[in-house]
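Okay, so here's the structure we're looking at.
Worth knowing before you read on, the calculation uses all heavy atoms, side chains too, and leaves out hydrogens, waters and symmetry mates. Every value quoted in this text rests on a predicted model; they were computed, and no experiment measured them.
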Amino acid sequence: MLVLVRVAPSDIPRMDEVYISVPALLFTALVTLLTTFLFGLVPALIVSRTSLNESLREGGVKVSGERRGNRLRQGLIIAEVAVTVVLLVGAGLLFRSFVLLRQDRLGFDPQNVLTMQLSLNGAKYAQPDKRREFYALLLEQLRAQPGVSAAGAVLIRPLEGPIGWDMPYMTEGQSADDAKRNPVPNYEVVTPQYFRAMGIPLLAGRDFTEQDGAEAPQVVVVSRAMARRVFPAGVDPLGRRLKLDPSDPEEPWRTVVGVAGDARYRSLGDQRPDIYVPYRQSNAPSRYLAIRTTGDPEAMAPVVRRVLAGLDAEQALTGVMTGEQLVARAIGRPRFNMLLLNALALVGVTLALIGIYGVVSYMFTQRTREIGIRIALGAQTRDVLKLIVAQGMRLVLLGIGAGLVVALAFAVAFAGPIAGLLYNTSTTDPLIFVGVALLLAVVALLACLVPTRRVAKLDPVAVLHYE
């Protein structure tokens, strides 16, 4: 429990209030005792229903109620393996999804970046022009600080969360009906040097400048994904025009002056196109600062606070995070889900292997006399091994088959909710299903072989003399 709390992401509600409760421990102990009692009661009932004469007639070779006991044990092993398969498939899907998520490109360079939120409060910043003037002065002073290579501001910083600004649009020549079918892009208001500060590459065209003001020609920068989706293949997006919010008759046409790399704004798995507008040509505020440093970015936080206090002591910075911390926070939930399900899968595998080992070991003990006779009559050790292992593996394969069917049924029936936890991974990924089956079969085979090692040490004369 303490380990899970330690590795859990900080954005899980009330996680800091989780602790080991005494009533919970007592409840767990009670359930454990009750489970032990019930599972101990079943074999006792089987023994009580067995005829004493039948047991004596069998000469003690078989235990009372052996057939019914065998069926019960075999059924439990099959069920145990099936449950383990379901857990392993879920863990495998989450693990593959997490690996793909980590390997995917962020679209920005998180190294040496400091970000923070600045919400200008007070009546003096109620007008957009006042906010723009303040940001221009603040960024100018920040860029002059030692250790700062670039400083900019943005409406919502990358990986901030699923909530963002959507913006409908239409391109020149599109009808209103065609515009309604356009993909909804992410809308960002940025200052000059923002792309440099976040390490988002400019693939074509230019960055915004302070000359891109309200009276200047209206311009935009689009992401590469936006350019590919909006404009025909082979057409240069630079110089093309589009209109944001087509329902507003006063909204001007904007010219594309740059193409930026694709960045993840809502989440690591977010791949929507992006539209950037210069902050002097939008009434939406730029709420987050982004500063690229030449050294430790966290060491720059006091400098930013000092500069901000010199301009307006009533304003405060919140949500101060480095680029690496933004990425760590974004992968926190997927990593926690993966670790949790992997832990459950590991427990399931362990219990299944213990069960397989116990059943095979018991089958070996039960058939010791038969094995002794076979060896005395000339049977090879490998033949006896195949006989015992085949019985154990038959149960394992039945359990694997049942587990794959159940896992596939779950994947189809709950495809929507499960897909929400995955990234670029199908809920019925054949690689995971086949890999889980093979892995569990190999591990189960090893569990079957361990107790049968005693065959090589078996003395048939001693066994027959004992019997």
Side-chain angles (χ1 to χ4, degrees), residues 107-108 127-129 131-133 135-136 139 152-158 164-198 200-266 270-288 290:
F108 64 93
Q127 298 301 320
D129 287 342
R131 294 195 296 267
R132 296 188 194 108
E133 292 174 4
Y135 269 105
L139 292 174
V154 63
L155 176 60
I156 299 179
R157 64 185 169 188
W165 285 51
D166 298 330
M167 181 60 68
Y169 68 93
M170 67 184 304
T171 59
E172 199 167 23
Q174 268 191 328
S175 66
D177 291 336
D178 291 338
K180 293 178 181 178
R181 291 188 286 270
N182 286 335
V184 180
N186 188 60
Y187 176 75
E188 291 292 351
V189 178
V190 301
T191 68
Q193 289 198 13
Y194 166 74
F195 296 113
R196 285 177 53 196
M198 286 304 303
I200 300 174
L202 271 175
L203 307 177
R206 67 172 178 86
D207 192 358
F208 298 131
T209 67
E210 292 294 343
Q211 284 67 47
D212 293 317
E215 303 302 326
Q218 303 292 293
V219 294
V220 294
V221 170
V222 299
S223 65
R224 176 168 50 186
M226 179 74 178
R228 289 177 176 176
R229 294 189 187 188
V230 173
F231 303 109
V235 174
D236 187 359
L238 298 180
R240 301 296 295 267
R241 298 204 304 168
L242 54 83
K243 178 185 287 188
L244 305 180
D245 193 7
S247 62
D248 184 359
E250 298 183 359
E251 182 67 26
W253 287 94
R254 297 175 180 270
T255 303
V256 177
V257 296
V259 178
D262 299 322
R264 301 291 189 261
Y265 280 96
R266 309 292 179 94
D270 179 62
Q271 297 186 11
R272 70 176 63 206
D274 304 308
I275 289 180
Y276 299 93
V277 175
Y279 81 121
R280 290 191 179 277
Q281 295 181 356
S282 173
N283 290 330
S286 297
R287 296 176 174 172
Y288 291 87

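- Within the structure, the side chain to side chain donor-acceptor pair (under 3.5 Å) test picks out the following pairs touching residues 228-242 (sequence neighbours left out): Glu172-Arg241.
- Nearest heavy atom pair, residue Gln218 against residue Pro252, reads CG-CG, 3.6 Å.
- In plain terms, the two heavy atoms of Thr191 and Gly152 that are nearest each other are OG1-CA, 3.2 Å.
- Using a 4.0 Å cut-off between charged side-chain N and carboxylate O, Arg254 and Asp212 make no salt bridge.
- With rounding to the nearest 0.5 angstrom, the CH2 atom of Trp253 is 10.0 Å from the CG atom of Leu244.
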request  = For side-chain contact (heavy atoms from CB on, under 4.5 Å), just list the numbers for Phe231 and Val256, CA-CA rounded to whole Å, side-chain angles, deciding distance to a tenth of an Å, and then say yes or no.
outcome  = CA-CA 11 Å; Phe231 303 109; Val256 177; 4.2 Å; yes
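- Note that the CZ atom of Arg224 and the CG atom of Leu203 stand 5.5 Å from one another [nearest 0.5 Å].
- Using a 30° and 60° split on the angle between ring planes, Phe195 and Phe208 fall in the tilted class, from 30° to 60°.
- For the atom pair CD1 of Ile275 and CG of Asn186, the computed distance is 9.5 Å after rounding to the nearest 0.5 Å.
- Residues Val221 and Val190 form no side-chain contact, since every pair of their non-hydrogen atoms from C-beta on lies 4.5 Å or further apart.
- Atom CD of Glu251 has more than 12 neighbouring heavy atoms from other residues, nucleotides or ligands inside a 6.0 Å radius.
- Sorted by first and then second residue, the salt bridge (Lys or Arg N to Asp or Glu O under 4.0 Å) pairs with a member in residues 182-191 form an empty list; sequence neighbours excluded.
- In this structure, Ala284 and Leu155 approach most closely via the heavy-atom pair CB-CD1, 4.5 Å.
- Here the CG-CD1 distance, from Asp207 to Ile200, works out to 10.5 Å after rounding to the nearest 0.5 Å.
- Tyr279 is not listed as a side-chain neighbour of Tyr194, based on a closest heavy-atom distance of 4.5 Å or more.
- Two residues are said to be in side-chain contact when any heavy atoms from C-beta on lie closer than 4.5 Å; Gln174 and Asn182 meet this criterion.
- Of all heavy-atom pairs spanning Met170 and Ala179, the tightest one is CB-CB, 3.5 Å.
- Between the CE atom of Met167 and the CG atom of Asp245 there is a distance of 6.0 Å, given to the nearest 0.5 Å.
- Remark: side-chain polar atoms of Gln281 are paired, donor with acceptor, to backbone N or O of Gly213 under 3.5 angstrom.
- The side-chain heavy atoms of Val219 and Pro278, taken from C-beta on, include a pair separated by under 4.5 Å.
- For the pair Ser282 and Tyr187, the tightest heavy-atom approach, listed with the atom from each and the gap, is OG-OH, 3.1 Å.
- Judged as a side chain to side chain contact (heavy atoms under 4.5 Å, CB included), and not counting sequence neighbours, the contacts of Pro128 are Arg131, Arg132, Asn283.
- Of all heavy-atom pairs spanning Arg272 and Val184, the tightest one is NH1-O, 3.9 Å.
- Here Ile156 contributes atom CD1 and Arg287 contributes atom CZ; the two are 6.5 Å apart, rounded to the nearest 0.5 Å.
- No donor-acceptor pair under 3.5 Å is formed between the side chain of Glu210 and the backbone N or O of Arg280.
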